[in-house]
Amino acid sequence: MISLFMFLKTLISIILFGFIPLMVTAQDCSYSLSGTVMDYHSKDALIGATVSVIGSKKAVLSNLNGSYRLNGLCAGYIELEVFHPECPTLIIPLTIEGNQVYDIKLEHHLEELDEVKVVGNSIAEQTNSALEETLHLEELEIYSAGTIGDALKEITGVSSLNTGANIVKPAIHGLNGSRVLIMNDGVRMQDMEWGDEHAPNIDVNAAGSVSVVKGAAALQYGGDAIGGTIVVGPGRIPQIDSLYGKTMLTGSTNGRGGNLTSELTKSYKNGWFVKGQGSFKRLGDHKTPDYLLSNTGVKEAAASVQLGKHLFTSGWDVRYSFFNTELAVLRASHIGNVDDLIRAINSGEPQTIEPFTYDLENPRQKVTHHLAKLKYYNRFEGVGKWTAQYDFQRNRRFEYDIRRGEANNQASIDLLLTTHTFSTDFKWDAKEQFHLQFGLLGRYQENFPNPETEVRRLIPDYQKWDIGSFLLGEYRVNDALFLDAGVRYDFTNVEAQKFFQKTRWTERGYDTEFQDLIIRDTGSQYLVNPVFDFHNVTATVGGKYAVAQNGNIRFNYTLAQRAPNPSELFSDGLHHSAARIELGDLRMKSETSHKISASLENDYADWGWTVEPYANFIKDFIFLEPTGAEYTNRGAFPVWEYNQTDARLLGVDVMAFSNWTDQWSTEHQFSIVKGKDRVTDAPLIYMPPANFRNKLVFSKPTWKSFETSLESQYVFQQNEVPGNIAVFSPEQQQEVEVAINSAPEAYHVMAFTSKLEFPFHNGTKLTTSLSIHNLLNTSFRDYLNRQRYFADDLGRNITLQIKFNY
Amino acid sequence: MKTIKFLSLVATAAILVTSCSDDDDAGPEEINEEEVITTMKVTLSPQQGATITLQSQDLDGDGPDAPVITVSGNLAANTTYEGEIELLNETESPAEDITEEVEEEGLDHQFVFVSTGSIATVDYDDVDAGGNPVGLEFILTTGDAGDATLAITLRHEPTKPNDGTLSGAGGETDFAQTFPLIVE
């Protein structure tokens, strides 16, 4: 028995250790693999794709019919590498068991790059025909300790409406707020963008790229972007086995603080990935060239995690991001009444200057934004791609004012905005020349103003429903001409519950029109239940034509409609932090914009230029303007009313660059916009003044990628402003003019940057950069800074940044 | 298929979490602002003769209606009056007395008196915990007969001590009213 067992054991050993290698060496290597290389969507044959077997020298090119044939393959597992110049490289695992036929489908559309397995910096354009510009990661990193609004001003035609240095609201072609739609990784930000002193709740460090569409043409995102759309994209995650990250430390002299940001990504070849990112910012009081801006510090913390599986054919991801900012508002900008305002304007310097501190005192804001997103997509071979997404946002805003006694610790504004959105779209891209995209959207939003503030609500309780649907098409007529067109319909229903003081109700004239909306009479106030429906249509049509090798002409017309936001409808009361009475109007209609834009672009070997003229005619344009004053026991307050008019905006953005030598180059940008109220023939308020920027760049890649630049920015005086208002001053016992609309003088500021990179052998890299803003420490005030009445703008700021990529 | 299952699970969880909100009460709560000073009553009492009261009342607070100013009579020429200020919030019932709050936070408050015409002097007659004037009590002396105005401003967080002028006091205005007066 034992010998038999031994025999069997030996036999098994021979089979296992002796015969198997024999079998391998004796395997048949005469098999062939053949098939066709084709486009995934259109099934068109792809010519000239290289098909090779990894680890061997076997490689062939696909022929005119797209077919390929590899001979002399051995049985067993192989990996094919397929390379085509217009497609991302594909690796296909296969088991050869005989002569086989295998068709290879390649992703051949450049605009489909979003899920594709390549690392690249080509960012898909949002539209073909509209004006569009993109900021890349390296440009965004410079603003690590700043705001996304600061970074966006690098783009020609983008300005900002500021409240000090911390609250920067982007404006595109002269329009801001609800007219600028912000898409954060596919999610439309719902962060109370209606207020002048509400900045976008986005951490600039979480963005991989930011594209700006100047106008409403990117209507897949929304129909009401009369100003434009800002598309914040996360960094691309490659489909390879990898673990990488970066840490960046930024220190600034102005504000004596900085920012620390870090991120880590783990990706797998099978499509899985997980990414985490966090940043923390802390700055104390900022300063002008001559004095400290007391109470202008900021404390900001943000984090995000992302998990998913992205394959070419299908994928999903979940993302959660958190953003918290607490920022102090210039102490001197908190004023009591119109006499305080007159005093502040006349004195020319802040009424309160205290020693430097990191403390954030009242007035201040504290905002928290939670965003969660769930997305799924599936690609149907030869048809197209279907995407579905749900997102949830919760925005809580506290605004603290200087109040008497214990109320000083109680917020004056306490709003909670909750939004649920479900969206889905299908992109039909089977035909190479013709693409169609159809989408649907449903959104529910709820606003809750907390009564514990014991201050009458500036924005009431409301519930809002949005339903939208769009159809977009693009047609490539030939290699030179692209056409695109789209149409969108949006329905909005808003139902509010709001208290009106009886005196205000009558003063607004609502007693004749809206008396039936009253549901309760409390003695001094009415509780009113307005319900409004808005039907809006957006349409766009345009084309792009390539002239010869180096030129492009684009033309676009977009019709867009925007429903009034809750602030424009319901604002009512004294806005303490601004010392003004803001009044909305229940009678607001949707505004309608007709925008025509064109772009002429020419890029030669060493220089290039772009000219982008545009005209925007807006019917029933909603704007906030000072109209007079109301008298209270605290004195007179300027009244700012939301009104509607017909407006016209004409503007042009010009860009040029020249590479003088291999090392020296220059960049030039100029933009101007003229806004006119066509009813009164007066200038529109808050139009950005003309702006001229010139930059000299020296770069020498062999010196540790050395790059340095000197930039000059000249901002003209805004010479077209609405007239000032006259108010009776109780203090002076006479009518006085309040220079509320006067624009500050022109100014010129310089900036310097330099950068060095130190790559290490293990694949890590250290980058150091130095930048100085307002190099000459120039005193200036900016028309689009709401604190211009009270203090100068920021003085010199030296920023040192160390970045470590690993 | 696995991913679809996972997605449906997450979606269900999301719906469950988000549907647990708590509204459906009887509409929003009414807010009556507590810090509003609707009414200022100034009592001017002479050694002899009639007591004069000045009142500024604005019942809708920050609403569109302007304050209503009433002066009970004319002041006598060359007379010394003891002045006393009372602040009320009459949007509440019973009316809230804000005078006490200002008195308690005397260090953070000060009235500034600016007069024109036939008022000779206005002097403080009280002090805060730091020994500086508050102005809830004051002495007003009239000059010869004629027209006059008396502007009374309550400043919050003023610079203390100061020279008794508005620009010297700084801070924010909590209350400001000007009374037209006749001295006879």
Side-chain angles (χ1 to χ4, degrees), chain A residues 309 314-316 318 334-337 339-340 343 347 351-352 372 374 376 388 390 392 402-405 407 418 420 446 448-449 451 453-457 460-461 497-499 501-504 506-508 519-520 522 524-525 527 529 573-574 581 630-637 730-731 733, chain B residues 3-4 6-7 10-11 14-15 17-18 21 23 27-40 56-67 87 91 93 98 101-102 104-105 108-109 114 116 149 151 153-157 159 166-167 170-178 180:
Chain A
K309 187 179 185 181
S314 70
W316 60 271
V318 280
H334 184 95
I335 52 165
N337 61 28
D339 280 311
D340 293 350
R343 204 145 26 99
S347 98
Q351 303 288 302
T352 314
L374 178 67
Y376 174 77
Y390 164 76
F392 168 75
I402 298 166
R403 296 170 78 175
R404 270 199 315 272
T418 312
H420 302 267
E446 197 177 270
F448 173 67
T453 57
E454 294 178 345
V455 174
R456 296 186 59 256
R457 303 165 178 92
D461 294 77
Q497 288 198 306
K498 175 168 168 55
F499 284 98
Q501 287 173 301
K502 286 184 175 176
T503 49
R504 178 67 70 202
T506 313
E507 180 267 335
R508 296 267 87 193
I519 52 175
R520 202 158 88 206
T522 67
S524 60
Q525 302 187 51
L527 177 62
N529 182 212
L574 182 61
I581 290 169
E630 278 182 3
Y631 297 86
T632 75
N633 263 335
R634 292 203 279 156
F637 288 95
E731 210 169 273
Q733 287 289 304
Chain B
T3 49
I4 293 179
F6 172 77
L7 288 175
V10 175
I15 290 162
V17 169
T18 53
S21 50
D23 357 39
E29 188 184 313
E30 187 187 11
I31 298 171
N32 285 305
E33 299 198 355
E34 287 183 6
E35 292 156 83
V36 178
I37 303 171
T38 60
T39 312
M40 174 192 258
S56 172
Q57 189 184 42
D58 188 359
L59 292 176
D60 75 343
D62 299 331
D65 289 353
L87 302 170
T91 59
S93 167
I98 297 174
E101 204 181 319
V102 173
E104 280 164 24
E105 294 177 25
D108 286 334
H109 288 97
V114 178
T116 61
T149 63
T153 306
L154 173 61
R155 283 284 165 86
H156 185 212
E157 294 190 2
T159 309
L166 287 168
S167 55
E172 275 93 29
T173 304
D174 270 355
F175 187 99
Q177 198 49 272
T178 305

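Bear in mind that the values here come from a model prediction, so they are computed numbers and not experimental data. Every chain is numbered from 1 and lettered A, B, ... according to where its sequence line falls, protein lines coming before strand lines.
Contacts of A/Asn633 with chain B are made by both backbone and side-chain atoms, with heavy-atom separations under 4.5 Å. Looking at B/Thr39, only its backbone comes within 4.5 Å of chain A, counting heavy atoms on both sides. Only the side chain of A/Ser524 has a heavy atom closer than 4.5 Å to any heavy atom of chain B.
If you tally non-hydrogen atom pairs under 4.5 Å between each of B/Pro64, B/Ala66, B/Pro67, B/Ala176 and chain A, the highest count goes to B/Pro64. Ranked by heavy-atom pairs under 4.5 Å with chain A, the list B/Glu30, B/Glu157, B/Met40, B/Glu104 is led by B/Glu30. When each of A/Glu507, A/Glu630, A/Arg457, A/Gln501 is scored by its heavy-atom pairs under 4.5 Å with chain B, the top score falls to A/Arg457. By number of non-hydrogen pairs under 4.5 angstrom with chain B, the leading residue of A/Pro451, A/Pro449, A/Gly573, A/Ser347 is A/Pro451.
By the side-chain contact (heavy atoms from CB on, under 4.5 Å) test, A/Pro460 is found to be paired with A/Ala496, A/Lys498, A/Phe570, residues two or more places apart in sequence or in another chain being considered. Partners of B/Asp60 under the salt bridge (Lys or Arg N to Asp or Glu O under 4.0 Å) rule, at least two apart in sequence or in another chain, do not exist in this structure.
Taking 4.5 Å as the limit, some side-chain heavy atom of B/Leu87 sits within range of a side-chain heavy atom of B/Leu154.
How far CG of B/Leu59 is from CG of B/Asp65: 9.0 Å, rounded to the nearest 0.5 Å. Taking OG1 of B/Thr173 as the reference point, atom CZ of B/Arg155 lies at 4.0 Å (rounded to 0.5 Å).
Ring orientation note: the planes of B/His156 and B/His109 are close to parallel, at an angle under 30° on the 30°/60° scale.
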